[in-house]
Protein chains: 2
Amino acid sequence: MIPTRSTSEIPGAPLPSPSHPIDAAPARRPGGRSAQVRRRVLDAVRDQLVEQGYDALSVDVVADRSGVHRTTVYRRWRDVGGLLADVLAEATGDDWSPPDTGSLEGDLVAVNREVHAALTGDPPITTALIAASFRSEQAGEALRLFWADRYARCSVIVRRAVERGEVPARTDARRLLVAATAPLYHEMVLLRTPAGPDLVERWAGDAATAARAGAFAAAGAADPMTDPG
Amino acid sequence: MIPTRSTSEIPGAPLPSPSHPIDAAPARRPGGRSAQVRRRVLDAVRDQLVEQGYDALSVDVVADRSGVHRTTVYRRWRDVGGLLADVLAEATGDDWSPPDTGSLEGDLVAVNREVHAALTGDPPITTALIAASFRSEQAGEALRLFWADRYARCSVIVRRAVERGEVPARTDARRLLVAATAPLYHEMVLLRTPAGPDLVERWAGDAATAARAGAFAAAGAADPMTDPG
DNA sequence: TCCTTAACGCGACGGATGTAGCGATAAGAT
DNA sequence: ATCTTATCGCTACATCCGTCGCGTTAAGGA
């Protein structure tokens, strides 16, 4: 779900708006040395995260690995959360698209499989980002945007299910998707229950059943009688 | 959901097992001065949390407030997470019991109202504990036990619903409860969507609808046809 | 080519965090 | 009352964290 590519690309990316001196400065120097610094630092963040994990991630370590000076990293990213936020911002703009298996339940299972993989992945990058989101405003906002984007892209799953007649026409896409995925996050991230892969299918199935019963119908049309199935 | 009483009670509580020297030492001095130190420290943690919030919580501040020396706090609780874990352990043993409104949906709404209140409460103690659970093994384990206890107590809600004939007999209590509450946690804690109080009733209603449709039936009996309603 | 200036490198600092060693105190047993 | 020892208080120390001020470098325009 969150790519971990460590390939050093050509710079060119815009600066992440330093945010402390909010002078609305138009970022006059987007290319060249600054971009090179950014690339080295973000690569160092990813590498460090992959090799040593979240606990070993600090501004100083990243500065050492990247060869960029401590103060520079502090100035541009403020803290670890800012670094992760920038890494995440890069990942948000990818070309991910939700699976298309031919059935609502199949799609939900596939999505949940990706969530499960992201949450059990080693090193635990996703968990690290969640943890960081509680400490850094920047990381929290970046993660919020990332998830909002993902759920928006997934709405096509529900649209297709409606077209197939699997669920009521007024089914709210976001509610259904949250119903399918939230329990997985809840169990694995907050409740920390030993979650076997069977949970993935169970919650997807429960959500599909609920949707067929008209549970997520918008407006006042929560009546299963309107179900065309 | 998590009491915040700051009343200085009589000591008597057992020591929180220092955990670093795991010599299986039988904690030979459970009463007296040590207990008094514990009481002063835990009260200081709660007071500090209520007055200044999580960001202003550190071992040094707690030590100052309580009048107990820095090193003593470090020795017995290791870090902030350990302190919060001990506070939480005290709260876990309370006499909370789930609401009984007379209907499944009413009970679920009432539970979700408590969750909502806990997550929006100021100061954000629950959020603080969640954040701490990512940093401290002790805090994480304490929170895990706390939630496991709460969900177990709530299973009576489903039992009553089954007896009333509201849901299939084989409905899995935990799955239903997680389906009702997880989306609320997900939206408010992870997704950070601006969550109005209407979400509370919506998710409870969706879960109730799903349960009536036989979504959470155990074993292979997930067929709505077996629904006695 | 020269000039302006944003961004970086550098050393130093003040404060917070966490640990070690050692003596003092009091709990609990005899 | 006396003894043993777990626990606490204290000082000192090492490290990490984040910031400040100033000199240097190089990007982009004239």
Side-chain angles (χ1 to χ4, degrees), chain A residues 11-42 44 48 52 55-83 86 132 135-138, chain B residues 11-42 44 48 52 54-83 86 132 135-136 138:
Chain A
L15 292 178
S17 68
S19 82
H20 358 150
I22 319 177
D23 296 328
R28 288 182 36 184
R29 308 285 176 89
R33 183 168 67 158
S34 294
Q36 209 169 37
V37 165
R38 181 173 121 109
R39 178 99 324 271
R40 273 195 290 164
V41 169
L42 293 192
Q48 177 68 15
Q52 310 280 346
D55 290 331
L57 189 67
S58 72
V59 175
D60 282 23
V61 169
V62 169
D64 282 346
R65 278 194 84 125
S66 64
V68 175
H69 199 84
R70 277 165 35 81
T71 46
T72 299
V73 180
Y74 274 112
R75 266 194 290 253
R76 286 188 56 176
W77 288 275
R78 190 176 193 90
D79 54 20
V80 180
L83 288 168
D86 204 7
R135 292 213 252 171
S136 157
E137 199 62 42
Q138 287 181 69
Chain B
L15 292 176
S17 69
S19 82
H20 357 150
I22 320 175
D23 296 328
R28 288 184 38 183
R29 308 284 175 90
R33 183 169 66 160
S34 294
Q36 208 168 37
V37 165
R38 181 173 120 110
R39 178 100 322 274
R40 274 195 291 167
V41 169
L42 294 192
Q48 177 68 14
Q52 311 279 347
Y54 176 63
D55 290 331
L57 189 67
S58 71
V59 174
D60 282 24
V61 169
V62 169
D64 283 345
R65 277 193 85 122
S66 63
V68 175
H69 200 85
R70 278 166 33 81
T71 47
T72 299
V73 180
Y74 275 112
R75 267 196 287 255
R76 286 188 56 177
W77 287 275
R78 189 175 194 87
D79 54 19
V80 180
L83 288 168
D86 205 6
R135 290 214 254 171
S136 156
Q138 288 182 66

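In what follows, every chain begins at residue 1, and chains take the letters A, B, ... in the order their sequences are listed.
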message: Between V73(A) and L83(A), is there a side-chain heavy-atom distance shorter than 4.5 Å?
response: yes
- request: Ignoring backbone atoms, establish whether H69(A) has a side-chain N or O less than 4.0 Å from OP1 or OP2 of dC8(C).
  value: no
message: Taking 4.0 Å as the cut-off, does a side-chain nitrogen or oxygen of R76(B) come that near to OP1 or OP2 on dC8(D)?
response: yes
statement: Result for 5'-nearest mapping on DNA chain D, choosing between V73(B) and V80(A), is V73(B)
statement: Here the distance between atom P of dG9(D) and atom CZ of R40(B), to the nearest Å, is 7 Å
field: Main-chain N/O of A56(A) paired to Q48(A) side chain as donor or acceptor, under 3.5 Å
entry: yes
- prompt: Once you round it to whole Å, what is the distance between P of dT15(D) and CG of D60(A)?
  reply: 13 Å
task: Rounded off to whole Å, could you give me the CZ-to-C1' distance for the R38(B) and dC8(D) pair?
output: 17 Å
- request: Nearest 0.5 Å please: distance from the OH atom of Y74(B) over to the CG atom of D60(B).
  value: 4.5 Å
statement: Between CG of D64(B) and P of dG9(D) the distance, given in whole Å, is 13 Å
- prompt: In whole angstrom, what separates W77(B)'s CH2 from dT7(D)'s P?
  reply: 12 Å
query: Is the distance from OP1 or OP2 of dT19(D) to the nearest side-chain N or O of Y74(A) less than 4.0 Å?
result: no
- prompt: Per the atom types in the model, does the base of dG18(D) pair as donor or acceptor with the side chain of R75(A) at under 3.5 Å?
  reply: no
task: Kindly say whether, by distance alone, the side chain of T71(A) makes a donor-acceptor pair under 3.5 Å with the base of dC10(C)?
output: yes
- request: Would you indicate, yes or no, if dG9(C) has its OP1 or OP2 atom less than 4.0 angstrom from a side-chain nitrogen or oxygen of T72(A)?
  value: yes
field: Salt bridge D86(B)-R38(B), side-chain N to carboxylate O under 4.0 Å
entry: yes
- prompt: Atom CD of Q36(B) and atom P of dC8(D): how far apart are they, to the nearest Å?
  reply: 11 Å
- request: Determine whether any donor atom in the side chain of R70(A) lies under 3.5 Å from an acceptor atom in the base of dG18(D), or the reverse, and answer yes or no.
  value: yes
- prompt: Do the side chains of V37(A) and R40(A) get nearer than 4.5 Å, heavy atoms only?
  reply: yes
